[in-house]
Visitor: 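A single structure is presented below for examination.
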Amino acid sequence: MSVPTAFPISPVLETMDQTSINTIRTLSMDGVQAANSGHPGTPMAMAPVAYCLWQNFLRFDPQDPVWPNRDRFVLSIGHASMLLYSLLHLTEVRAVSKDYETLGEVSVPLDAIKAFRQLDSRCPGHPEYRWTSGVETTTGPLGQGVATSVGMAIARQWLAARYNRPGFEDLFDFNVYALCGDGCMMEGISSEAASLAGHLRLSNLCWIYDNNHITIEGNTALAFTEDVATRFIGYGWNVTRVGDANDLDMLARAFRTFQNTKDRPTLIIVDSHIGYGAPHKQDTSGAHGEPLGEEEIRLAKRNYGWPEDKKFYVPEGVYDHFRQGIGKRGKELRDAWFERIGEYRKHYPGLAEELFQMQHRQLPEGWDRDLPEFPADPKGLASRDSSAKVLNAIAKNVPWLIGGSADLGPSTKTRITLDGAGDFSAENYAGRNFHFGIREHAMGAILNGMSLVKVRPFGSGFFIFVDYMRGSLRLSALMELPVIYVFTHDSIGVGEDGPTHQPIEQLAHMRSMPGLITIRPADANEVREAWRVILQLYHEPAVLVLTRQALPTIDREQYAPASGLARGAYILADAPGGDPEVILIGTGSEVALCLDAYDKLSKEGVRVRVVSMPSWELFDDQDRNYRDSVLPPHVKARVSVEEGSDFGWTKYTGSEGHNICIESFGASAPLRQLLKKFGFNTENVVAAAKSQIARHGGKQ
Ligand SMILES: Cc1ncc(C[n+]2csc(CCOP(=O)(O)OP(=O)(O)O)c2C)c(N)n1
Ligand SMILES: [Mg+2]
């Protein structure tokens with residue numbers, strides 16, 4: 001643990017560069033100290049890097065932090081949040097409303113920094129998108145930020161390919177910078193994302209790696225000795241080094257190298273000293289996760305040539321210095337861009353309108369006009385197949401609906417087959433079909449990044465592999481991004497592939513996540529309605545859960561229309577007079593089974609209601625009257641039928657209800673055998689219904 005003998009001693013503050021850097025450092029230290037929690041060391045070390053980038057390179061207008069062609073800055077080391085908050089404060093970034101209006105006030109006032117990590121402060125523990133204007137994406141789970149930055153870079157390439165036109169070649173030319181650390185580098189998601197970024201030759205992407213050799217447990221020698229540079233060269237990246245985080249000239253050179261590299265992403269490896277300037281904590285994990293302490297702060301400030309007793313001190317001229325740098329440059333670029341977009345609108349009114357709608361998360365007029373109707377058909381089709389038809393009908397009218405799969409497109413049927421849709425690749429950034437490779441976790445984060453740039457992305461895979469992407473999916477929900485996840489092979493219905501491929505607890509898992517809408521449609525027409533709902537989501541990601549096997553297309557003349565899906569659950573078939581003695585509740589492939597049982601029971605004179613319940617979340621959102629009309633509280637005899645865990649079902653069936661479910665892992669066998677083994681047959685549903693009626697005292 002070497003502590004440099006000489007710190008930059010500057011009794012008179014040397015230059016505005018140095019003063020600004022030290023302001024970032026000391027604000028960060030003071031914020032963490034006041035909160036008595038947080039991570040001071042990395043902001044202290046990386047302040048010059050962030051300063052150099054923001055002040056000299058970033059094309060970002062603090063007055064309008066949502067300008068579409070701004071460069072993106074992602075703080076993948078979310079624990080170093082004070083670094084970002086200091087920058088947002090010093091550059092006087094303005095707050096933006098949920099409707100994308102720039103408000104007059106600043107996003108991060110000094111009081112917010114003083115209230116770092118306190119309830120309702122604009123400076124929460126980790127940067128939160130939507131909560132603090134200027135935060136481009138929520139970070140904290142290491143690796144997510146860098147992976148998300150790949151999605152942003154991809155979306156920019158796609159926007160450029162579609163919307164940049166002769167005379168407007170630079171309409172979209174923004175760069176994406178992400179600051180990461182050892183933790184991000186160790187997380188597998190960064191490898192997945194970097195591999196894809198290299199493959200796609202995303203030259204607008206720059207990761208800056210804080211190579212400080214320190215993580216929480218101590219020196220990285222404990223667990224991380226790989227050669228990161230060689231690894232990234234292997235991915236096809238341009239790799240450059242800056243041997244000293246304080247060397248502004250070398251940093252500037254590295255950023256210029258990035259800007260001049262036109263055929264691949266760039267990794268800048270920066271050697272830094274965590275806790276720079278703190279005499280007892282520098283280069284130790286002690287600088288990572290706890291406040292420095294009053295005395296250490298005093299000594300560090302002395303080393304910086306800073307007034308030792310001043311807290312949250314912003315020397316005169318610092319705000320103005322930032323105004324003259326990033327502020328002036330950003331505003332000029334932003335204003336010029338809006339002038340250009342006015343011109344663009346004259347030349348390309350259609351494209352300009354698309355951009356406007358996309359950037360405001362609106363849908364084009366008539367977006368749903370080609371949605372198919374599916375005729376009743378006892379043989380039916382798999383919901384993945386009906387979904388393919390619906391997806392394509394929408395993709396025809398929503399040009400920025402783009403996405404793909406983690407190497408399972410032929411199985412998930414998510415290919416956009418329209419003429420000219422094409423494949424997104426390094427040679428064709430205009431393609432609408434994406435190949436994420438077998439990288440589910442990164443796919444989720446990349447979808448988030450794409451959504452943050454406001455295209456409408458979808459990603460697909462086998463439902464079981466949602467386990468591989470939970471971290472990024474959770475961030476979709478936390479950030480309230482309308483990302484679309486299409487998951488097929490949704491149950492033991494996959495048959496022979498066996499328990500490794502048969503989801504059991506995944507539905508419960510999805511339903512337990514706040515802010516996520518999960519829909520498991522029962523037939524082709526419910527699939528259409530599911531997509532209709534999903535496209536109109538504004539603040540929620542959706543998980544569409546589909547079958548591999550065929551599902552009968554329900555006769556909607558006989559039973560209720562599929563539009564009931566929008567309310568989450570609806571009465572599909574009812575007892576005479578709407579007065580059931582037992583309710584069967586099914587989802588997805590099990591709804592047909594409920595209808596069979598309904599037929600049988602009705603013939604025996606039992607008064608049955610069948611409720612199709614494709615989405616718990618949509619149902620829970622309905623008013624009490626509606627919910628009670630579907631599941632009348634006095635009807636206690638209830639049976640749920642779902643090929644998965646019963647976890648949570650008692651919410652609808654009551655503790656005295658019956659849940660036909662699967663409480664173990666599945667098994668490898670043809671579906672017919674599995675249905676028998678796990679009891680998914682009409683006899684079982686009928687028997688459960690009768691025993692429920694008996695249990696609850698017969699006719700009710
Ligand atoms: C996925 C994930 N795992 C664990 C953590 C907890 N954590 C926060 S910071 C950190 C160490 C990070 O080390 P590094 O990235 O080198 O940052 P530095 O300490 O150098 O700032 C860990 C393990 C986390 N935030 N995210
Ligand atoms: Mg580190």
Side-chain angles (χ1 to χ4, degrees), residues 1-2 24-25 28-29 31-32 35 37-50 74-86 117 124-128 135 137-149 178-194 207-226 228-229 231 241-242 244-245 267-278 281-292 440-442 444-445 448 467-475 478:
M1 304 299 154
S2 68
I24 296 170
R25 285 178 167 141
S28 303
M29 288 151 56
V32 171
S37 112
H39 306 263
T42 303
M44 293 159 75
M46 294 308 275
V49 179
V74 172
L75 187 76
S76 196
I77 35 172
H79 58 275
S81 53
M82 268 310 310
L83 177 63
L84 182 53
Y85 299 145
S86 302
R117 292 183 160 235
H126 295 85
E128 292 180 33
V135 171
T137 181
T138 297
T139 52
L142 295 170
Q144 290 288 343
V146 278
T148 302
S149 75
L179 186 51
C180 57
D182 301 305
C184 293
M185 285 299 170
M186 291 188 216
E187 289 290 351
I189 189 172
S190 70
S191 303
E192 295 178 15
W207 288 6
I208 305 141
Y209 166 35
D210 175 16
N211 182 36
N212 64 11
H213 292 288
I214 294 292
T215 63
I216 288 183
E217 293 187 356
N219 195 281
T220 47
L222 287 169
F224 193 57
T225 40
E226 70 183 35
V228 172
R231 168 179 150 204
R241 278 185 177 276
V242 174
D244 174 3
L267 176 70
I268 304 176
I269 303 178
V270 180
D271 295 339
S272 85
H273 296 281
I274 194 168
Y276 179 79
K281 297 219 169 173
Q282 177 172 315
D283 290 324
T284 74
S285 56
H288 168 96
E290 57 195 53
L292 293 175
E440 288 84 0
H441 202 186
N448 287 339
D467 291 0
Y468 271 42
M469 57 191 301
R470 194 183 193 282
S472 39
L473 200 153
R474 187 171 192 271
L475 283 180
L478 183 57

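We use all heavy atoms of the structure for the numbers below, so side chains are in, but hydrogens, waters and symmetry mates are not. Whatever order the structure lists them in is the order used to number ligands and atoms, beginning at 1.
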Visitor: To the nearest 0.5 Å, how far apart are CD in Q144 and OG in S190?
Guide: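 Reported to 0.5 Å precision, the distance equals 10.5 Å.
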Visitor: Surrounding CD of E226 (heavy atoms of other residues, nucleotides or ligands, distance under 6.0 Å), is the total greater than 12?
Guide: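 Correct, the count exceeds 12.
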Visitor: Going by the angle between their ring planes, with limits at 30° and 60°, are H79 and H288 parallel, tilted or perpendicular?
Guide: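 Rings of H79 and H288: tilted, 30 to 60°.
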Visitor: Considering D182, I274, L142, which one's heavy-atom position lies nearest to atom 26 (N) of ligand 1?
Guide: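 It is L142 whose heavy atom sits nearest to atom 26 (N) of ligand 1.
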Visitor: May I ask you to identify the nearest protein heavy atom to atom 19 (O) of ligand 1, giving residue, atom name and distance to one decimal place in Å?
Guide: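 For this ligand atom, the closest protein heavy atom is H288 ND1, 2.4 Å.
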Visitor: Testing S28, P127, S86 for side-chain contact (heavy atoms from CB on, under 4.5 Å) with S81, which one passes?
Guide: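 The single option meeting the side-chain contact (heavy atoms from CB on, under 4.5 Å) with S81 is P127.
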Visitor: Suppose the cut-off is 2.8 Å; how many protein N/O/S atoms fall inside it around the Mg ion (ligand 2)?
Guide: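 Counting protein N, O and S atoms closer than 2.8 Å to the Mg ion (ligand 2) gives 3.
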Visitor: Looking at D283, N212, D244, which one forms a side-chain hydrogen bond (donor to acceptor under 3.5 Å, both in side chains) with H273?
Guide: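 Of D283, N212, D244, side-chain hydrogen bond (donor to acceptor under 3.5 Å, both in side chains) with H273 is met by D283 alone.
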Visitor: Does any N/O atom on I77 come nearer than 3.5 Å to any N/O atom on ligand 1?
Guide: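 I77 vs ligand 1: no N/O contact under 3.5 Å.
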Visitor: Considering only protein heavy atoms, which is closest to atom 21 (O) of ligand 1, and at what distance to one decimal place?
Guide: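 Minimum-distance protein heavy atom for atom 21 (O) of ligand 1 reads T42 OG1, 2.4 Å.
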Visitor: May I ask you to list the atoms of ligand 1 that are less than 4.0 angstrom from any heavy atom of T215?
Guide: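 Listed by number with element, the hits are 13 (O), 16 (O).
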Visitor: Go through ligand 1 atom by atom and flag the ones less than 4.0 Å from a non-hydrogen atom of N212.
Guide: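 Once the distances to N212 are compared, the set is 18 (P), 20 (O).
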Visitor: Within this structure, what is the NE2-OG distance for the pair H441 and S472, rounded to the nearest 0.5 Å?
Guide: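 Answer for the NE2-OG pair, H441 versus S472, is 4.0 Å.
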Visitor: Give the numbers and elements of all ligand 1 atoms closer than 4.0 Å to a heavy atom of G181.
Guide: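 This gives 15 (O) as the contact atoms.
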Visitor: Could you list which atoms of ligand 1 come closer than 4.0 Å to a heavy atom of I216?
Guide: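 Taking each heavy atom of I216 in turn, ligand 1 has 7 (N), 10 (C), 11 (C), 22 (C), 23 (C) under 4.0 Å.
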Visitor: What pair of heavy atoms forms the shortest contact from C184 to V146, and how long is it?
Guide: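 The pair with the smallest heavy-atom distance is CB-CG2, 4.3 Å.
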Visitor: Would you sort out whether D182 and Y209 count as a side chain to side chain donor-acceptor pair (under 3.5 Å), showing the intermediate values?
Guide: CA-CA 8 Å; D182 301 305; Y209 166 35; 2.6 Å; yes
Visitor: Is the closest side-chain donor-acceptor distance between H213 and N219 under 3.5 Å?
Guide: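 No - no donor-acceptor pair under 3.5 Å links their side chains.
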Visitor: Taking all atoms of both residues into account, what is the closest heavy-atom pair of M44 and Y276, and its distance?
Guide: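 For M44 and Y276, the tightest heavy-atom pair comes out as CE-O, 3.4 Å.
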Visitor: Between S272 and D210, is any side-chain donor less than 3.5 angstrom from a side-chain acceptor?
Guide: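 Their side chains do contain a donor-acceptor pair, which is all the 3.5 Å distance test asks for.
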Visitor: Relative to atom 15 (O) of ligand 1, which among A80, C184, G183 owns the nearest non-hydrogen atom?
Guide: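 Looking at heavy atoms only, G183 sits closest to atom 15 (O) of ligand 1.
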Visitor: Number the atoms of ligand 1 from 1 as they appear, then name those within less than 4.0 Å of a heavy atom of E187, with their elements.
Guide: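 Ligand 1 atoms under the 4.0 Å threshold to E187: 1 (C), 2 (C), 3 (N).
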Visitor: Suppose we measure from atom 17 (O) of ligand 1 to each protein heavy atom; which comes out shortest, and what is that distance?
Guide: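 Minimum-distance protein heavy atom for atom 17 (O) of ligand 1 reads H79 NE2, 3.1 Å.
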Visitor: What heavy-atom pair brings A47 and I24 nearest, and what distance separates the two atoms?
Guide: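 So the minimum-distance heavy-atom pair works out to CB-CG2, 3.8 Å.
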Visitor: For ligand 1, which atoms sit closer than 4.0 Å to a heavy atom of G140?
Guide: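 Under 4.0 Å from G140, ligand 1 has these atoms: 24 (C), 25 (N), 26 (N).
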